[in-house]
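Before any comments, here is the structure.
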There are 2 protein chains.
Amino acid sequence: MQTVSLEQELVSRGLRMTHQRRLLIQIIQGAESHLDAVALWERARGQDPTLNKVTVYRTLAMLKKYGLVDELDLMHLKGGKHYYEARASRDHVHLACLKCGRIQEFESSLFEKLKGQIERQRRFNIKVVRVEAGGYCENCRDR
Amino acid sequence: MQTVSLEQELVSRGLRMTHQRRLLIQIIQGAESHLDAVALWERARGQDPTLNKVTVYRTLAMLKKYGLVDELDLMHLKGGKHYYEARASRDHVHLACLKCGRIQEFESSLFEKLKGQIERQRRFNIKVVRVEAGGYCENCRDR
DNA sequence: GTACTTGCAAAGATTTTGCTTCCAA
DNA sequence: TTGGAAGCAAAATCTTTGCAAGTAC
């Protein structure tokens, strides 16, 4: 998903592309890790010191509402905050190491099959799915 | 999992069985739905009006630490609270309807296979796993 | 008796709301 | 121009912490 298309996505839904939204979207899409609202705000302030934290929350709520970002908890490793990532073309599992805190992502066709099974067997129309596992990663498991 | 065994579980780990803990455990195990800390507290107060909310948070943290309850978010349908359920013998998916708010549970061997795949392919030792899906349930999907 | 738990009060962390001003279309 | 969006301040929600008093073992 490109920056342009996400912007167009918003515009096509009748939303205004303010420079604040453009900046926040760029940061989310360019982030190498999962950001929570405050982390996102701090990065955004580097570019635009007047950008308010409330705008971050409102923008995230809007992106979530339109399904453009996914909201994660990452097993509450660091309290109750929520983390955000640009919605990927393919869903993936998040693995959170309880020891070192590393977050890995894992894609699997089994995950896709599981979703299909739920949709068919329960006639449940899935809009968002989240799989998070807590445990010990390769580096930490034997220590 | 019986009340007794959960109590024994705690005792065997050197924890004290206070009447507050006993009451909270009974409520969690007997609950027909997923309770958040405050809902649990309200039920507990019916039995013991002096039981403090802080004790609920501390007890939940302790049960979570020892892997005796699972903590859920249920797709944040109603804000950022956390919900708790006695750990089941078999993991299950939670399906949250975005329209009516109903929570369904779904067990699947595919889920078990997915866990196995993660453990093998990533050499990741899973301790807790959570699958939550948001979408439209059978009753709401066509409306 | 002693260490672990609880209750109480207060603080901390995260997110939301009301309202005025601003600006994208 | 005009309705949607941002900024600011304040509040609401959820959870944690410090410490004195209580209690399970």
Side-chain angles (χ1 to χ4, degrees), chain A residues 4 6-27 34-45 47-66 68-69 71-84, chain B residues 6-25 27 34-45 47-66 68-69 71-84:
Chain A
V4 175
L6 186 39
E7 282 194 26
Q8 288 175 342
E9 192 70 39
L10 292 177
V11 171
S12 73
R13 293 171 201 253
L15 293 158
R16 293 188 181 172
M17 270 314 299
T18 63
H19 70 91
Q20 289 94 333
R21 286 180 176 176
R22 193 153 12 232
L23 173 55
L24 292 170
I25 288 168
Q26 277 173 10
I27 294 171
H34 304 103
L35 301 174
D36 67 272
V38 172
L40 174 56
W41 181 48
E42 282 165 352
R43 293 202 185 187
R45 273 193 303 178
Q47 304 273 118
D48 175 357
T50 70
L51 196 151
N52 195 279
K53 199 196 291 190
V54 174
T55 299
V56 174
Y57 281 106
R58 286 199 274 233
T59 301
L60 287 171
M62 182 271 291
L63 292 171
K64 183 185 160 193
K65 175 179 170 187
Y66 289 106
L68 303 173
V69 296
E71 188 177 50
L72 311 169
D73 297 281
L74 304 180
M75 297 314 282
H76 307 122
L77 246 49
K78 294 180 182 130
K81 8 175 182 258
H82 301 152
Y83 298 87
Y84 299 86
Chain B
L6 186 38
E7 280 194 29
Q8 287 174 343
E9 192 71 38
L10 291 176
V11 171
S12 72
R13 293 171 201 253
L15 293 159
R16 293 184 181 173
M17 270 314 299
T18 63
H19 69 89
Q20 290 93 334
R21 286 180 176 173
R22 192 151 16 231
L23 173 55
L24 292 170
I25 289 169
I27 294 171
H34 304 101
L35 301 174
D36 67 273
V38 173
L40 174 56
W41 181 47
E42 283 165 353
R43 293 201 185 188
R45 273 193 302 177
Q47 304 274 118
D48 175 357
T50 71
L51 195 152
N52 196 280
K53 201 196 290 190
V54 173
T55 300
V56 174
Y57 281 106
R58 286 198 274 231
T59 302
L60 287 172
M62 182 271 290
L63 293 171
K64 183 184 160 194
K65 175 179 170 187
Y66 289 105
L68 302 174
V69 296
E71 189 178 49
L72 311 169
D73 299 281
L74 302 180
M75 298 312 283
H76 307 123
L77 247 49
K78 293 179 183 131
K81 7 177 184 258
H82 301 152
Y83 298 88
Y84 299 86

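Protein chains get the first letters and strands the later ones, always in sequence-line order, with residue 1 at the start of each.
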>> In this structure, how many angstroms lie between the P atom of D:dA5 and the CZ atom of A:R22, rounded?
In response: 14 Å

>> On the nucleotide D:dT23, are OP1 or OP2 found under 4.0 Å from the side-chain N or O atoms that B:Q20 carries?
In response: no

> Where do B:D36 and B:Y83 come nearest, in terms of heavy atoms and distance?
Replying inline: N-CD2, 3.8 Å

> Is a donor-acceptor pair below 3.5 Å formed from side chain B:R58 to base C:dG7, judging by atom type as modelled?
Replying inline: yes

> In whole Å, what is the span from the CH2 atom of A:W41 to the P atom of C:dT15?
Replying inline: 13 Å

> Where do B:L60 and B:E71 land on the side chain to side chain contact (heavy atoms under 4.5 Å, CB included) test, with the steps shown first?
Replying inline: CA-CA 9 Å; B:L60 287 172; B:E71 189 178 49; over 6 Å; no

>> In whole Å, I'd like the distance from the CG atom of A:L51 to the P atom of C:dC23.
In response: 13 Å

> Within the side chain of B:W41, is there an N or O that forms a donor-acceptor pair under 3.5 Å with the backbone of B:L51?
Replying inline: yes

> Taking the nucleotide of DNA chain D with the closest heavy atom to each, which residue, A:G14 or B:T18, is nearer the 5' end?
Replying inline: A:G14

>> Can you measure A:Y83 atom OH to C:dT14 atom P for me and round it to whole angstrom units?
In response: 8 Å

>> Check this one for me: any side-chain N or O of B:Y57 less than 4.0 Å away from OP1 or OP2 of D:dT16?
In response: no

> Hey, is the side chain of A:T50 poking within less than 4.0 Å of OP1 or OP2 on D:dG7, counting only N and O atoms?
Replying inline: yes

> Starting at the 5' end of DNA chain D, which residue's closest nucleotide do you reach first, B:R16 or B:A37?
Replying inline: B:A37

> For A:E7, which of A:R16, A:R21, A:R22, A:R13 qualifies under salt bridge (charged side-chain N to carboxylate O under 4.0 Å, His left out)?
Replying inline: A:R22

> Which sits closer to the 5' end of DNA chain C, B:T59 or A:V11, going by the nucleotide each is nearest to?
Replying inline: B:T59

>> Output the rounded distance in Å from CG (B:D36) to C1' (D:dC14).
In response: 9 Å

>> Please tell me if A:T55 has a side-chain N or O lying less than 4.0 Å from either OP1 or OP2 of D:dG7.
In response: yes

>> If I compare all heavy atoms of A:Y84 with all of A:V69, which pair ends up nearest, and what's the gap?
In response: CD2-CG2, 4.1 Å

>> How many whole angstroms separate atom CE of A:M62 from atom P of D:dA6?
In response: 7 Å

>> At less than 4.0 Å, is any side-chain N or O atom of B:H82 found next to OP1 or OP2 of D:dT15? Yes or no.
In response: yes

>> From CE of A:M17 over to P of D:dA5, roughly how many Å is that when rounded to an integer?
In response: 11 Å

>> For D:dA6 and A:N52 - does any side-chain N or O of the residue sit under 4.0 Å from the phosphate oxygens OP1/OP2?
In response: no

> A:R21 CZ to D:dA5 C1': how many Å, rounded?
Replying inline: 6 Å

